[in-house]
Asker: 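I have a structure here, written as structure tokens, and I will follow up with some questions on it.
Heavy-atom basis, side chains included; hydrogens, waters and symmetry copies ignored. Starting from 1, each residue takes its place in the sequence as its number. Counting convention: from 1, in listed order, for ligands and their atoms alike.
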Amino acid sequence: MTAPLQDSDGPDDAIGGPKQVTVIGAGIAGLVTAYELERLGHHVQIIEGSDDIGGRIHTHRFSGAGGPGPFAEMGAMRIPAGHRLTMHYIAELGLQNQVREFRTLFSDDAAYLPSSAGYLRVREAHDTLVDEFATGLPSAHYRQDTLLFGAWLDASIRAIAPRQFYDGLHNDIGVELLNLVDDIDLTPYRCGTARNRIDLHALFADHPRVRASCPPRLERFLDDVLDETSSSIVRLKDGMDELPRRLASRIRGKISLGQEVTGIDVHDDTVTLTVRQGLRTVTRTCDYVVCTIPFTVLRTLRLTGFDQDKLDIVHETKYWPATKIAFHCREPFWEKDGISGGASFTGGHVRQTYYPPAEGDPALGAVLLASYTIGPDAEALARMDEAERDALVAKELSVMHPELRRPGMVLAVAGRDWGARRWSRGAATVRWGQEAALREAERRECARPQKGLFFAGEHCSSKPAWIEGAIESAIDAAHEIEWYEPRASRVFAASRLSRSDRSA
Ligand SMILES: Cc1cc2nc3c(=O)[nH]c(=O)nc-3n(C[C@H](O)[C@H](O)[C@H](O)COP(=O)(O)OP(=O)(O)OC[C@H]3O[C@@H](n4cnc5c(N)ncnc54)[C@H](O)[C@@H]3O)c2cc1C
């Protein structure tokens, strides 16, 4: 299991002496790689194409960088408390006092979800959800609690999976799973203020057999359902970008912004980077390079010296897009509607709507994360121009929240389409549909170095699409570089060995 590295006593402590390492990308993977390599005594510099650090951890501040107003998390927004590497760095960087509960989908009984009868409050949705769920079953001779389990599992999947993916998963909540659950007393798992929901986390944790009986496709998706609806998820009070910023402040090596890598040539003992700096293009010859840029971007670069298998994985790794649209509102109107936080499942084009806590000066307003979409749902929004997309989201959402139609309620809109963004061309690698063995084979191939060129980033990890995965891959890459012996010294060692062999 990946573990943060031990501190070295200084450069002389680095195995084989200090190495000069160039890291491409100042997202969390690049920053952790640099931080860990420096702790081991190596010399690091980071080159970043965009004009900011953090990559897919991006906090949009409506009053401008460093301003006191409300902010929206346009990238990563929550950390499952079980993500121990991420929590380790939060503690190490002195951010523990910023950790707050993250309230997620359906955590507030007053939040909404759609049904054939229109929007329902979570607290009153059970009867309708059960009726709708039971209608689709070949036999409805299940106990009421079993149907309640099926209905909430189905509702959670519907809220988290993109529409096209949901259809398959919905059919996976089948007879075998329900028969098993029917034999379990679900009374201890009833939850919610009206005790009309089933605590899926506790149920799956206590009954591994239930989880094992899920069809493979559903089983593989369950981690995400459980992570995203867990009650033990956290956030950083002053914004998730505190994590990359604190890390960057602890790195001694230079972090250069606005340096776009446009070509990578791998040679036996060096790696040459072609880098665009404004109007100039320069080449840099490096001893070691760690590439953390997403493969969606990497595959557009000029690459030489890569083996064919590596090129194949760079070109074939699948990414999903994601879109987030945030409204800066005059006031947190949802509080008057009884919603104190968490998220609604809005459906339609909007999909998920989050109510971040309004913790700052009330005069500065509050932020509503109006829409969060992934996969084909994000593609549908991305096909529209920005004004059309924002208007559609406002229109659909105002059916649930008519307060949005009040003049002056929406002060500003911020949107980010990660599929179109030049520096990511996608939100994250998705390996939901794959068998565990195939997932691991793909991960290994993504991470496999090419001579002095190493790879890190969420796509190289066992937890893709999470900060945790990016950190895991960064620690692995730092380990690999620490132990890597360049070809020249291998040849030198081999020739020494053969000479001593001869003289013996
Ligand atoms: C919408 C969204 C929501 C998410 N929600 C969560 C969440 O709630 N919790 C969670 O844990 N994770 C979440 N994630 C995932 C998490 O943000 C990522 O897994 C993680 O930030 C990826 O880090 P990385 O360093 O691998 O990649 P990146 O952050 O993408 O870093 C790569 C860096 O390389 C730079 N770069 C790209 N091309 C070049 C080039 N040619 N030259 C030089 N530099 C270049 C980029 O600008 C970037 O800074 C979310 C992601 C998205 C998009």
Asker: Closer than 4.0 angstrom, basic N to acidic O: yes or no for Asp476 and Arg444?
Answerer: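 Looking at Asp476 and Arg444, the cut-off is not met.
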Asker: Give the numbers and elements of all ligand 1 atoms closer than 4.0 Å to a heavy atom of Val297.
Answerer: 38 (N)
Asker: Under 4.0 angstrom from ligand 1, any heavy atom of Ala465?
Answerer: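 Yes.
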Asker: Would you find a donor on one side and an acceptor on the other, under 3.5 Å apart, between the side chain of Asp337 and the backbone of Ile339?
Answerer: no
Asker: Is ligand 1 under 4.0 Å from a heavy atom in the side chain of Ile24, in the backbone, in both, or in neither?
Answerer: side chain
Asker: Can you see whether Thr346 engages Ser344 through a side-chain donor-acceptor pair at a distance of less than 3.5 angstrom?
Answerer: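 Distance-only check fails for Thr346 and Ser344.
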Asker: Gly49 heavy atoms, cut-off 4.0 Å: which ligand 1 atoms fall inside?
Answerer: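 Counting from 1, the qualifying ligand atoms are 43 (C), 44 (N), 45 (C).
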Asker: Any nitrogen or oxygen of Pro294, main chain or side chain, under 3.5 Å from a nitrogen or oxygen of ligand 1?
Answerer: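 Checking ligand 1 against Pro294, no N or O pair falls under 3.5 Å apart.
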Asker: If you measure from CD1 on Ile47 to CZ on Arg284, what distance do you get to the nearest 0.5 Å?
Answerer: 5.0 Å
Asker: If you measure from each heavy atom of Met240 to ligand 1, is any distance below 4.0 Å?
Answerer: no
Asker: Is a donor from one side chain sitting under 3.5 angstrom from an acceptor on the other, for Thr59 and Glu73?
Answerer: yes
Asker: Please say which of Arg56, Arg61, Arg235 ends up in a salt bridge (Lys or Arg N to Asp or Glu O under 4.0 Å) with Asp241.
Answerer: Arg61
Asker: Tell me which protein heavy atom sits closest to atom 19 (O) of ligand 1, plus the residue, atom name and distance to 0.1 Å.
Answerer: Trp466 O, 3.1 Å
Asker: Could you see which bit of His459 sits under 4.0 Å from ligand 1, with heavy atoms only: side chain, backbone, both or neither?
Answerer: neither
Asker: Quick check on contacts: which atoms of ligand 1 are under 4.0 angstrom from a heavy atom of Gly457?
Answerer: 26 (O)
Asker: Suppose we call two aromatic rings close when their centres sit under 6.0 Å apart. Are Tyr288 and His42 close by that rule?
Answerer: no
Asker: Ile57 heavy atoms, cut-off 4.0 Å: which ligand 1 atoms fall inside?
Answerer: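 Result: 21 (O).
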Asker: Going by side chain to side chain contact (heavy atoms under 4.5 Å, CB included), Trp466 matches just one of Asp224, Ile79, Thr86. Which one?
Answerer: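 Considering Asp224, Ile79, Thr86, a side chain to side chain contact (heavy atoms under 4.5 Å, CB included) with Trp466 is found only for Asp224.
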Asker: Any atoms of ligand 1 less than 4.0 Å from a non-hydrogen atom of Ala427? List them with their elements.
Answerer: 53 (C)
Asker: Taking Lys451 as the fixed residue, which of Asp287, Asp307, Asp268 is the one that meets the salt bridge (Lys or Arg N to Asp or Glu O under 4.0 Å) rule?
Answerer: Asp268
Asker: Going by distance only, is there an N or O of Glu458 that falls short of 3.5 Å from an N or O of ligand 1?
Answerer: yes
Asker: So, does Gln259 sit close enough to ligand 1 that a heavy atom of it is under 4.0 Å from the ligand?
Answerer: yes
Asker: So, applying salt bridge (Lys or Arg N to Asp or Glu O under 4.0 Å) with Glu92, which one of Arg250, Arg246, Arg39 is it?
Answerer: Arg39
Asker: With side chain to side chain contact (heavy atoms under 4.5 Å, CB included) as the test, pick out the partner of Ile264 among Thr272, Thr304, Leu298.
Answerer: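 Looking at Thr272, Thr304, Leu298, the match for Ile264 under the side chain to side chain contact (heavy atoms under 4.5 Å, CB included) is Leu298.
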Asker: Is there any N or O on Ala470 that sits under 3.5 Å from an N or O of ligand 1?
Answerer: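 No; every N/O pair is 3.5 Å or more apart.
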Asker: Looking at every heavy atom in both Val393 and Ala370, which two are closest together, and how far apart are they?
Answerer: CG1-CB, 3.9 Å
Asker: Under the criterion side chain to side chain donor-acceptor pair (under 3.5 Å), which of Lys318, Glu458, His459 is the partner of Thr429?
Answerer: Glu458
Asker: For Arg103 and Ser340, does a side-chain donor sit closer than 3.5 Å to a side-chain acceptor?
Answerer: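 Side chains of Arg103 and Ser340: pair found under 3.5 Å.
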Asker: Just to confirm my output: which protein heavy-atom neighbour is closest to atom 42 (N) of ligand 1, and how far is it?
Answerer: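 The closest heavy atom on the protein side is Val261 N, 3.0 Å.
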Asker: Taking N or O atoms only and a 3.5 Å limit, does Trp418 qualify as a polar contact for ligand 1?
Answerer: no
Asker: Judged by non-hydrogen atoms, does Gly75 sit under 4.0 Å from ligand 1?
Answerer: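 Under 4.0 Å: yes for Gly75.
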Asker: Of Ile28, Thr262, Ile46, Thr296, which has the heavy atom at the shortest distance from atom 20 (C) of ligand 1?
Answerer: Ile28
Asker: Of all the non-hydrogen atoms in the protein, which one sits nearest to atom 9 (N) of ligand 1, and at what distance?
Answerer: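 Looking at atom 9 (N) of ligand 1, the protein heavy atom closest to it is Arg78 O, 2.7 Å.
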Asker: Report, in ascending order of atom number, the atoms of ligand 1 lying under 4.0 Å from any heavy atom of Met74.
Answerer: 1 (C)
Asker: Suppose we measure from atom 35 (C) of ligand 1 to each protein heavy atom; which comes out shortest, and what is that distance?
Answerer: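 Going atom by atom, the protein heavy atom closest to atom 35 (C) of ligand 1 ends up being Glu48 OE1, 3.4 Å.
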Asker: With a 4.0 Å cut-off on heavy atoms, is Ile79 in contact with ligand 1?
Answerer: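 The answer is no: ligand 1 sits nowhere under 4.0 Å from a heavy atom of Ile79.
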Asker: How far is atom 12 (N) of ligand 1 from its nearest protein heavy atom, and which residue and atom is that?
Answerer: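 I find the closest protein heavy atom is Ile467 N, 3.3 Å.
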Asker: Going by distance only, is there an N or O of Gly30 that falls short of 3.5 Å from an N or O of ligand 1?
Answerer: no
Asker: Quick one: look up the protein heavy atom nearest atom 28 (P) of ligand 1 and list residue, atom name and how far away it is.
Answerer: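 For this ligand atom, the closest protein heavy atom is Arg56 NE, 3.5 Å.
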Asker: Closest approach of Ala26 and Glu48, non-hydrogen atoms and distance?
Answerer: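 That closest heavy-atom pairing would be N-OE1, 2.7 Å.
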Asker: To check your reading of the model: name the closest protein heavy atom to atom 5 (N) of ligand 1, its residue, and the distance in Å.
Answerer: Ala76 CA, 3.3 Å
Asker: List every atom of ligand 1 that sits less than 4.0 Å from any heavy atom of Gly25, numbering the atoms from 1 in the order shown and giving each element.
Answerer: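 Answer for ligand 1: 33 (C), 34 (O), 35 (C).
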Asker: Evaluate whether atom CD of Glu386 has more than 12 neighbouring non-hydrogen atoms of other residues, nucleotides or ligands under 6.0 angstrom away.
Answerer: no
Asker: Could you tell me the residue and atom name of the protein heavy atom closest to atom 32 (C) of ligand 1, and the distance to it rounded to 0.1 Å?
Answerer: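 I find the closest protein heavy atom is Thr292 O, 3.7 Å.
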Asker: Short N/O distance, under 3.5 Å, between Ile293 and ligand 1?
Answerer: no
Asker: Locate the shortest heavy-atom distance separating Cys460 from Cys446; write the atom from each residue and the value.
Answerer: SG-O, 3.7 Å
Asker: With heavy atoms of Glu260 as the reference, note each atom of ligand 1 found under 4.0 Å away.
Answerer: 41 (N), 42 (N)
